[in-house]
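Accompanying notes for the structure given below.
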Protein chains: 2
Amino acid sequence: MDDAKQQPKPADSLDDVFRALADPTRRALLDELKGGARTTSQLVALFPEMTRFGVMKHLKVLEDASLVLTRKEGRLRWNHLNAVPLRQMYERWVSQYEDQWAGSLLRLKDKIEQNSQGE
Amino acid sequence: MDDAKQQPKPADSLDDVFRALADPTRRALLDELKGGARTTSQLVALFPEMTRFGVMKHLKVLEDASLVLTRKEGRLRWNHLNAVPLRQMYERWVSQYEDQWAGSLLRLKDKIEQNSQGE
DNA sequence: TTCATATGTGACAATACAGTCACCTATTAA
DNA sequence: TTAATAGGTGACTGTATTGTCACATATGAA
């Protein structure tokens with residue numbers, strides 16, 4: 001009876017962030033940016049299996065989600081990783097109390113797998 | 001020439017987790033589970049805009065991603081939230097050093113928005 | 001056993017998304 | 001100015017995903 005029946009998705013506040021992270025190519029882009037800022041062309045060169053437009057579209061999705069911040073310098077565009085949305089996403093379900101044990105479990109796991117702390 | 005040309009996605013290790021979190025309904029399910037374990041029927045009752053099968057399919061995706069752990073008790077299935085994959089996902093891009101400032105920025109943001117720590 | 005409740009599953013339709021094409025603008029060097 | 005490089009965009013197609021149906025299994029109560 002109400003006309004709001006075709007509402008396709010609830011879409012919470014961090015929707016852009018989650019959708020951006022759903023694609024493995026975009027995650028790989030963030031992996032590259034973790035090492036430092038990159039220009040768009042540098043990123044394109046790192047993904048030869050995809051066209052330039054494909055990479056740029058992914059960058060736009062990441063930028064819309066504020067996961068990537070950009071700064072123009074002449075005709076170059078430097079892409080930076082922004083960790084704040086990642087933190088917000090994480091804290092949505094993990095309170096600072098639970099944080100303790102989740103972090104502990106992971107550190108234990110890492111310790112077991114690495115079995116040494118060199119490097 | 002090689003027959004491995006149709007590989008559709010890179011798909012890193014946490015792929016299931018990211019894909020599971022991409023859907024707002026699944027995130028809403030996790031929101032409910034943050035308050036404590038729920039049976040499948042309880043969750044179905046909380047989402048009247050979707051069929052039972054829809055909810056169960058989402059639960060299966062979450063379970064495959066280890067974001068939800070289940071325990072059977074008679075004919076009830078209790079669904080629990082598991083925060084470990086969330087932590088892994090977060091730590092992929094945020095080292096423990098960066099963790100400092102990202103967390104600080106967020107706490108600052110919360111402080112500004114709440115403007116009181118009363119609660 | 002019989003019935004009701006809670007859960008599990010294969011096949012299907014509508015929609016959303018990833019990736020591509022061709023074409024365009026802006027900055028730098030000669 | 002001309003040429004080369006870096007970046008930007010609308011429209012299209014194949015595939016993946018979401019949400020639905022009907023049907024099936026398992027546990028608990030009467």
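Predicted, not measured: the structure shown is a model, and the values here were computed from it. The chains referred to below are lettered A, B, ... by the order of the sequence lines, with proteins before strands, and numbering in each begins at 1.
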Nearest-nucleotide pick for [X], side chain only, options being [options]:
{"X": "B:Lys57", "options": "C:dA11, D:dG10, C:dT7", "value": "C:dA11"}
{"X": "A:Asp23", "options": "C:dT7, C:dA18, D:dA11", "value": "C:dA18"}
{"X": "A:Thr40", "options": "C:dA18, D:dG8, D:dT20", "value": "D:dG8"}
{"X": "A:Thr39", "options": "D:dT9, D:dT18, D:dG7", "value": "D:dG7"}

- Considering only NZ, NE, NH1 and NH2 on the basic side and carboxylate oxygens on the acidic side, decide whether A:Arg27 and A:Asp31 come within less than 4.0 Å.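 Between A:Asp31 and A:Arg27 there is no salt bridge, as every charged N stays at least 4.0 Å from the carboxylate O atoms.
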- Do A:Glu32 and A:Lys34 sit within salt-bridge range, that is, some charged N less than 4.0 Å from a carboxylate O? no
Interatomic distance where [atom1] belongs to [X] and [atom2] belongs to [N] [whole Å]:
{"X": "B:Gln42", "N": "C:dT5", "atom1": "CD", "atom2": "P", "result": "16 Å"}
{"X": "B:Arg27", "N": "D:dT18", "atom1": "CZ", "atom2": "P", "result": "11 Å"}
{"X": "B:Glu63", "N": "C:dT7", "atom1": "CD", "atom2": "P", "result": "12 Å"}
{"X": "B:Leu43", "N": "C:dA6", "atom1": "CG", "atom2": "C1'", "result": "13 Å"}
{"X": "A:Leu59", "N": "D:dT9", "atom1": "CG", "atom2": "C1'", "result": "15 Å"}
{"X": "B:Trp78", "N": "C:dA6", "atom1": "CH2", "atom2": "C1'", "result": "12 Å"}
{"X": "B:Phe18", "N": "C:dC17", "atom1": "CZ", "atom2": "P", "result": "18 Å"}
{"X": "B:Asp64", "N": "C:dG8", "atom1": "CG", "atom2": "C1'", "result": "14 Å"}

- Message: For a side chain to side chain contact (heavy atoms under 4.5 Å, CB included) check, start with the C-alpha distance between B:Val44 and B:Gln42, then their side-chain angles and the critical distance, and finish with the verdict.
- Response: CA-CA 5 Å; B:Val44 169; B:Gln42 287 176 327; over 6 Å; no
Can you tell me if [X] touches the phosphate of [N], counting only side-chain N or O atoms and a distance under 4.0 Å to OP1 or OP2?
{"X": "A:Thr51", "N": "C:dG19", "value": "no"}
{"X": "B:Arg19", "N": "D:dT17", "value": "yes"}
{"X": "A:His58", "N": "C:dG19", "value": "yes"}

- Message: Tell me whether the rings of B:Phe18 and B:Trp93 are parallel (<30°), tilted (30 to 60°) or perpendicular (>60°).
- Response: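 The arrangement is tilted - the two ring planes meet at 30° to 60°.
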- Query: Checking side chain to side chain contact (heavy atoms under 4.5 Å, CB included) for the pair A:Arg92/A:Gln88: CA distance, chi angles, key distance, verdict?
  - Reply: CA-CA 6 Å; A:Arg92 171 167 177 172; A:Gln88 290 180 291; over 6 Å; no
- Selection residues 53-76 of chain A - residue pairs positive for ring pair (Phe, Tyr, Trp, His ring centres under 6.0 Å), sequence neighbours left out: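 Applying ring pair (Phe, Tyr, Trp, His ring centres under 6.0 Å) to every pair that reaches into residues 53-76 of chain A, excluding sequence neighbours, yields nothing.
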- Would a hydrophobic clustering, with Ile, Leu, Val, Met, Phe, Trp and Tyr connected at side-chain separations under 4.5 Å, put A:Met89 with B:Val61?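 No, A:Met89 does not connect to B:Val61 through the hydrophobic network.
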- Any N or O donor-acceptor pair linking the side chain of B:Lys60 to the base of C:dG8 at under 3.5 Å?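 By the distance-only test, no, there is no pair.
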- Note on the structure: Expected string for nucleotides 24-30 of chain C under the B/S/- scheme (protein heavy atoms, under 4.0 Å, primed atoms plus P, OP1, OP2 as sugar-phosphate) is ---BS--
- Message: Let me spell it out: for each of A:Arg77 and B:Gly54, pick the nucleotide of DNA chain D with the closest heavy atom. Which residue's pick is nearer the 5' end?
- Response: A:Arg77
- Message: Any base atoms under 4.0 Å from B:Met56, or only sugar-phosphate, or nothing? Heavy atoms, all strands.
- Response: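 Counting heavy atoms under 4.0 Å across all strands, the contact made by B:Met56 includes a base.
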- Item | From B:Leu62, B:Val68, B:Val55, B:Leu21, residue fulfilling side chain to side chain contact (heavy atoms under 4.5 Å, CB included) relative to B:Arg26 | B:Leu62
